[in-house]
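Both ligands and their constituent atoms are indexed starting at 1 by order of listing.
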Amino acid sequence: VTSSVLRELIGLTAWIDTHEHLVEERHRLRPDGYTFVETFSGRTSFLPSDWTALLVGYPLDDLVCAGMPTARAYEMCRTNLEPLAKWDAVEPYFEQARRTGYLRALDLATERLFGLRLSRDTCEEIDRRCRALRSVGYYTLVLRGVANIERCHVHSLDVDPLCESAQPDLLDADLSLVPLVLGASPIIERMSGIEVVTIDDYLEVIDWTFGRFASKAVAVKCLWAYLRPLDVDRVDSPPRRSFKRLRRGTADTVDQRRVQDFLFLHCLDLATEWHLPVKLHLGYLSGARRAAFPYISRHVDAVARILEAHPTTTFVLMHMAWPHQEQALAVVKHYPNAVIDLCWSWIVAPLAARDFVCRFITTVPAGKLLCFGGDHVTVENVVGHAELARRGLQKALEDLIACDWMSGNDALELAPLLMNGNARKVFPPPTFAASSSKASRRGFS
Ligand SMILES: [Zn+2]
């Protein structure tokens, strides 16, 4: 088997993309951009309608890392400056960061979508092409037609706790646990119609949430690694007084943790009843200067305790826990109920991801590896990431062939499993949960 045969197969095989933050397509069609409140942080976010939409998220993070003041970076996206003026504002930082995975993926995206690479000469043309691309149905065109992605799991950042997409053939949904597990979730409480006074009322809100949304979800997703350490203590009885203090705004850290841990464990029980895998953010945090960053080195350690305590729950350890991927490998080898997802990995640490695939396949049964999630809010950027992931996967398999670990035919058999077959097994389609005995016993529609 030559590498061109392997490349062709990987190019023709569709990804099941297990992690995106895409907003609904209709929001991207607005001529003046899309402003929304990020559910888990309460922060206002903006997706511009010009070419700088391509920078939103990770590329912007690396411009800030290269020295662009954060406020200036975000302000630049928001203002009505001309496309060229925006390029001039970012260029020195952009060129400095150009070789990172974040910007490499951006270059691949514009090359694949428009046949162009961002520069002072092309930014106006790319701006026109970006606007022209955005018309009804363009998500399908970009994801299926260009990136060859069969479907995407979306963890919505603008609709809590789950976005029921207008494109259910293309987009699946994660049921988000943050802010639900924080003990105050005004939007969901209002939706449920349950007035919350005690923690028992709040548990009812959580049960209502699963009853209303679990059958529409492919997984539950918890990203509280952005807010706290992942260590979860057993809390045997409902922490009633801590919950009261939390609702009054007088809770200390101990109260908060006790309430959150208790609610999280309740959610794990429900996820298990509904046969929903639990996706956990592990490892590196996007952005800059996050208060929770110092905890990342303990994530894998903390998650091992959770895996130990919930043997019948499937856990999806996201982002290969980079930079602690070797420890994550040990954990996923040790616990049958854990799988690893390389979402985000091919752009945050491209060589670590390639190396990790080789280490994984030679250490852990291959059915426990999910190989791609773009992790983007903007569909355009998924294109570049999907391409980087294909190239990385190809190189990893070639490495294993070159060192006589597997045959070329073996690699050809493995590639489709890594690209979509494993995902199909780990995440049953949403209708499965809907028809489960639990769902009907609970009497939810
Ligand atoms: Zn994400």
### Task
Output yes if Asp375 passes the N/O/S-under-2.8 Å test against the Zn ion (ligand 1); output no otherwise.
yes

### Query
Any N/O/S of His155 under 2.8 Å from the Zn ion (ligand 1)?
no

#### Entry: N/O/S atom of His21 inside 2.8 Å of the Zn ion (ligand 1), strictly under
yes

### Query
So among Lys86, Arg134, Arg129, which one has a salt bridge (charged side-chain N to carboxylate O under 4.0 Å, His left out) with Asp50?
Lys86

#### Entry: Proximity of Tyr284 and His319 rings by center, below 6.0 Å
no

### Message
Checking Phe264 against Phe262 for the ring pair (Phe, Tyr, Trp, His ring centres under 6.0 Å) test, could you report, in this order, the C-alpha distance in whole Å, the side-chain angles of both residues, the deciding distance, and whether it holds?
### Response
CA-CA 5 Å; Phe264 178 72; Phe262 181 79; over 10 Å; no

### Task
Could you check which N/O/S atom of His19 is closest to the Zn ion (ligand 1)?
NE2

### Query
Given side chains that start at C-beta, do those of Ser165 and Glu24 come closer than 4.5 Å, heavy atoms only?
yes

